[in-house]
Amino acid sequence: MEQTLLSQDAYRLFHNGSLELAEAEMNGIYLDTNYCTKKTVALSRKITYLQKRLEQTELIKVWRETYGDKTNFNSDAQLAKILYSKMGITPPNYTPSKRGAVDEKTLMEIDNPALDYILRIRKTKKNKDTYLASFIRESVDGIIHPFFNLNTVRTFRSSSNNPNFQNIPKRNKEAKKICRRAIIPRPGHQLMEVDFSALEVNISQCYHKDPTMYRDLTEPGADMHRDMAQEIFIMDSINNEKYPSHDTLRQAAKNGFVFPQFYGDYFGSNAFYLSDWVKLPTEGVWKDSDGIRLDTGENIGSHMRRSGVRSFRGFLRHLEQIEKHFWGVRYSVYRDWRKRWYEEYQKKGYCDTLTGFRCGGVMKRNEVINYPIQGSAFHCLLWCFIQLSRAARKEGWRTKLIGQIHDSMILDVCPDEREYVIKKVRQITEKDLRESWEWIVVPLSVDVDLYEINGPWLS
DNA sequence: GGAACTCGCCAC
DNA sequence: AAACGTGGCGAGTTCC
């Protein structure tokens, strides 16, 4: 790795950052250990039950005939051999090393009742063995002390381990409930989460200074994801109040087009993700009954056909045009920045971040473009974390900073101090940060989420 | 018996 | 022309 702390400022940020992160590590996070042990038992029982049901399936007969005593339902290698060699199924997808894949998406494409049990067992084991088990294993007197490292990541972000506090389930409702139920505040306290809104996109603006994106980020009512949803799904207006289902389309555009495009993806793979999201088939001509149902009463397959996109192939051509317009017209200044930024790297062999770090060594185009944005965004969070942690110490708060997840901070708040802490948080994140770093050319704002007093990390 | 690998899957 | 950025970690497997 050829990353270096270029400037005195960068050194100081990481020096002070490591001190305050160490303070948070020492503070630690309270665990409902009673819940953890009870839930672990419950999940074990669930796994036993699911395995019994799995035993009764036809697929398992083949599995036992093949592997006998060596049968192991947790082995993906065995599963791949059963499906793709013994049963002669053609793998719907392949792994990077060209073997038949057996991940969730792939197994869902194969019509076999046993696979449903395998997936449910996998999910349950993940919650039990990765999250609850590591919480129990790493806890000391009912407190976990996740590490927050500043020396492991190529982009100068942070990482976390023992246990990893930065990948606790959130999107999957069931997993979220199982895992976050274990995280609780100090007695009488409440958890608080402070998230920067769209931090990476805002920080990208500080590099490329695209005027269209500037408007998208600063004008009230502007919404790039809604705009792109309208283009992708060919609608005059995406009105979420009148048609709540349209929020699904906005989400699809955000996670299936806009963000992947920013990371360096292209329309070809966007098309698969988007089709999957709205349940449109990736083969053949779309039917009126295809796809999710909109609040207008129409299915999206019918809507797309009426609008002139009649099949997945048509959708590909449509998305190609949208991509062309996205970079060629809408964000052409951003596009030019990317080009220049990469060419400059090719000339110099490194690129520097706005926060004073140097990324060097052999990098691919997407890496060169993404590293500075990803790193600088985290540095904004780290700067705020340092200021807040210092204030907490100097002013003798009972409120403690306990963790950080790239663009958010997690606090264990004493309710008496709550209003003052929120005031301080907003002062640091929304005012002081911009004054301290003049290169931040857009307003930054945070969401403050509060959880119940004595309640877990769940709403 | 441990290091290094693959795969799958969780987060931003 | 090519084509999604950053991590940690559990389990299985392979190799020495």
Side-chain angles (χ1 to χ4, degrees), chain A residues 3 67 70-81 93-107 118-119 121-135 137-138 146-172 174-176 178-180 193 195-196 198-201 203-204 255-273 319-320 323 327 338 342 359 363-378 381 403-408 410:
Chain A
Q3 317 301 88
Y67 284 100
K70 295 207 170 104
T71 300
N72 181 350
F73 301 144
N74 300 323
S75 166
D76 291 339
Q78 289 189 12
L79 176 59
K81 177 151 180 162
N93 300 297
Y94 291 87
T95 68
S97 62
K98 315 284 180 205
R99 285 188 274 249
V102 291
D103 61 345
E104 181 175 11
K105 186 183 165 296
T106 305
L107 296 190
I118 288 177
L119 287 174
I121 291 169
R122 255 193 213 164
K123 285 223 185 303
T124 313
K125 283 180 73 69
K126 176 95 176 169
N127 294 333
K128 172 175 164 284
D129 298 335
T130 301
Y131 297 106
L132 296 184
S134 74
F135 292 167
R137 188 181 62 238
E138 300 293 341
F147 289 96
F148 295 99
N149 317 294
L150 294 176
N151 63 329
T152 61
V153 183
R154 294 164 58 94
T155 62
F156 296 105
R157 254 198 191 180
S158 67
S159 69
S160 170
N161 65 342
N162 298 80
N164 183 349
F165 187 64
Q166 296 178 322
N167 73 345
I168 301 172
K170 185 171 192 176
R171 290 163 204 171
N172 181 290
E174 195 188 342
K176 175 180 180 177
I178 291 169
C179 300
R180 297 198 174 211
E193 195 167 350
D195 280 74
F196 275 100
L199 184 58
E200 276 193 30
V201 183
I203 295 310
S204 81
N255 298 321
F257 184 82
V258 178
F259 283 160
Q261 285 283 337
F262 288 162
Y263 283 138
D265 204 2
Y266 83 120
F267 70 91
S269 63
N270 297 156
F272 286 95
Y273 184 98
L319 276 183
E320 187 173 11
E323 183 189 87
W327 290 112
R338 290 175 163 224
Y342 183 53
C359 306
M363 291 186 278
K364 290 180 281 189
R365 180 177 173 278
N366 285 343
E367 295 171 333
V368 175
I369 291 162
N370 287 322
Y371 285 9
I373 297 170
Q374 193 180 97
S376 306
F378 167 67
L381 186 280
Q404 156 272 130
I405 313 177
H406 308 305
D407 66 352
S408 72
I410 291 81

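Protein chains get the first letters and strands the later ones, always in sequence-line order, with residue 1 at the start of each. Quantities reported herein were computed from a predicted structural model and do not represent experimental measurements.
Using a 4.0 Å heavy-atom cutoff across all strands shown, A:Pro169 reaches sugar-phosphate atoms only and no base atom. If you check every strand for non-hydrogen atoms under 4.0 Å, A:Gly264 touches sugar and phosphate atoms only. Looking at heavy-atom distances under 4.0 Å, A:Gln261 makes no contact with the nucleic acid at all. Among the atoms of the strands shown, only primed sugar atoms or phosphate atoms (P, OP1, OP2) are found under 4.0 Å from some heavy atom of A:Ala101. Within the 4.0 angstrom heavy-atom criterion, only backbone atoms of the sugar-phosphate kind lie near A:Glu367; the bases stay farther away. Residue A:Ile168 is in sugar-phosphate contact alone, with no base atom involved, counting any heavy-atom pair closer than 4.0 Å across all strands shown.
The side chain of A:Gln78 lies closest to C:dT13 when the candidates are C:dG8, C:dT6, C:dT13. Looking at the side chain of A:Asn167, the nearest of the listed nucleotides C:dG5, B:dA11, C:dA11 is B:dA11. The side chain of A:Arg154 approaches C:dG7 more closely than any other nucleotide in the set C:dG7, B:dG8, C:dG10. Distance from the side chain of A:Pro260 is smallest for C:dC4 among the nucleotides C:dG8, C:dC4, C:dG12. Of the listed nucleotides (C:dC4, C:dG10, C:dG8), C:dG10 has the atom at the smallest distance from the side chain of A:Thr130.
Whole-Å rounding puts the A:Asp76 CG to C:dG10 P distance at 16 Å. A:Asn161 has its CG atom 19 Å from the P atom of C:dT6, to the nearest Å. Going from atom CZ of A:Phe148 over to atom C1' of B:dA11 covers 12 Å, rounded to whole Å. As a whole-Å value, the separation of A:Asn149 CG from B:dA11 C1' is 15 Å. Residue A:Arg122 contributes atom CZ, which lies 12 Å from atom P of C:dG12 at whole-angstrom precision. A:Arg157 has its CZ atom 9 Å from the C1' atom of B:dA11, to the nearest Å. Following rounding to the nearest Å, A:Ile203 (CD1) and C:dT6 (P) show an atom-to-atom distance of 19 Å. The distance between atom CZ of A:Phe165 and atom P of B:dC10, rounded to the nearest whole Å, is 18 Å.
Looking only at side-chain heavy atoms (C-beta outward), A:Glu138 and A:Phe147 stay at 4.5 Å or farther from each other.
Remark: A:Ser75 is in phosphate contact with C:dT13, judged by side-chain N or O atoms under 4.0 Å from OP1 or OP2. One finds no side-chain N or O of A:Arg171 lying less than 4.0 angstrom from the OP1 or OP2 phosphate oxygen of B:dC9. For the OP1/OP2 pair of C:dT6 and a distance below 4.0 Å, the side-chain nitrogens and oxygens of A:Tyr371 include at least one atom meeting the criterion. Using a 4.0 Å cut-off, some side-chain N or O of A:Lys123 falls inside it from OP1 or OP2 of B:dC10. For A:Asn162, a side-chain nitrogen or oxygen approaches OP1 or OP2 of C:dC9 to under 4.0 Å. When the side-chain nitrogen and oxygen atoms of A:Thr95 are compared with OP1 and OP2 of B:dC7, one or more of them lie within a distance under 4.0 Å. Taking 4.0 angstrom as the limit, A:Lys170 places a side-chain polar atom (N or O) nearer than this to OP1 or OP2 of B:dC12. Taking 4.0 angstrom as the limit, A:Ser269 places none of its side-chain polar atoms (N or O) nearer than this to OP1 or OP2 of C:dA3.
Going from atom CZ of A:Arg122 over to atom CG of A:Asp103 covers 7.5 Å, rounded to the nearest 0.5 Å. Distance check, rounded to the nearest 0.5 Å: CG of A:Leu381 to CD1 of A:Ile405 gives 9.5 Å.
Between A:Asn164 and A:Glu323, the residue whose closest nucleotide on DNA chain C is further toward the 5' end is A:Glu323.
For the 3.5 Å distance criterion, the side chains of A:Asn127 and A:Thr124 fail to qualify, holding no donor opposite an acceptor. Using a 3.5 Å distance cut-off with no hydrogens or angles, the side chains of A:Gln261 and A:Asn270 do pair a donor with an acceptor.
Heavy atoms only, all atoms of each residue included: A:Ser158 and A:Gln404 are closest at OG-OE1, 3.1 Å.
Using a 4.0 Å cut-off between a side-chain N of Lys or Arg and a carboxylate O of Asp or Glu, A:Lys126 and A:Glu104 do not qualify as a salt bridge.
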